[in-house]
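Data first, discussion second: the structure below is written as structure tokens.
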Amino acid sequence: MLNSTAAKDLVGEACVVCEEVKSVGIHLYTAFICKECEKDIIHTDTDNPKYKYYLKQLKKVNNPEIYS
């Protein structure tokens, strides 16, 4: 039986931006961003209409609460 981390590596995770299941990307707080979306976000100018879309999608990222 696979643990949840190993299962995510085999199947992938849903990207918070494109909402597709991908296996390569980064984790930002509680969200996963695929490599392709990360690259697109970095190279998109602020005057490009896609920039607003990326901002909207990134608002889904929740800052994790820190428990002490």
Side-chain angles (χ1 to χ4, degrees):
M1 179 171 237
L2 296 173
N3 64 28
S4 62
T5 304
K8 284 181 184 178
D9 289 342
L10 290 175
V11 177
E13 296 180 69
C15 174
V16 73
V17 178
C18 67
E19 299 177 347
E20 294 180 18
V21 176
K22 304 278 181 90
S23 59
V24 178
I26 62 171
H27 288 92
L28 178 65
Y29 294 115
T30 59
F32 174 77
I33 301 173
C34 71
K35 186 175 182 174
E36 292 84 7
C37 287
E38 176 193 6
K39 185 177 176 183
D40 288 345
I41 290 168
I42 291 169
H43 292 97
T44 300
D45 291 326
T46 56
D47 58 348
N48 186 321
K50 286 174 32 176
Y51 185 78
K52 286 187 179 184
Y53 168 76
Y54 292 137
L55 287 179
K56 179 182 156 230
Q57 293 300 94
L58 290 172
K59 286 181 183 179
K60 296 177 184 178
V61 177
N62 294 324
N63 192 0
E65 294 187 25
I66 298 174
Y67 299 102
S68 56

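Since this is a predicted model, take the numbers as computed values, not measurements.
Linking ILVMFWY side-chain heavy atoms closer than 4.5 Å, directly or via other members, places Leu58 and Tyr53 in a single hydrophobic cluster. Under a hydrophobic-cluster definition in which Ile, Leu, Val, Met, Phe, Trp and Tyr are linked whenever side-chain heavy atoms come within less than 4.5 Å, directly or via other members, Leu28 and Tyr54 are assigned to the same cluster. Ile42 and Ile26 are assigned to two separate hydrophobic clusters, defined by single-linkage of ILVMFWY side chains at heavy-atom distances under 4.5 Å.
Residue Glu13 holds its CD atom at 3.5 Å from NE2 of His27, rounded to the nearest 0.5 Å. Here the OH-OG1 distance, from Tyr51 to Thr46, works out to 6.0 Å after rounding to the nearest 0.5 Å.
Thr30 approaches Val61 most closely through the heavy-atom pair OG1-C, 4.5 Å. Contact record, Val17 with Gln57: O-NE2, 2.9 Å, taken as the closest heavy-atom pair. Looking at every heavy atom in both residues, Ile33 comes nearest to Cys15 through CA-SG, 3.9 Å.
At distances below 3.5 Å, not a single donor-acceptor pair connects side-chain atoms of Asp45 with backbone N or O atoms of Asp47.
Counting heavy-atom neighbours within 6.0 Å of Lys60 NZ, excluding the residue itself, gives a total above 12.
The side-chain contact (heavy atoms from CB on, under 4.5 Å) check on Lys35 picks up Val24, with sequence neighbours excluded.
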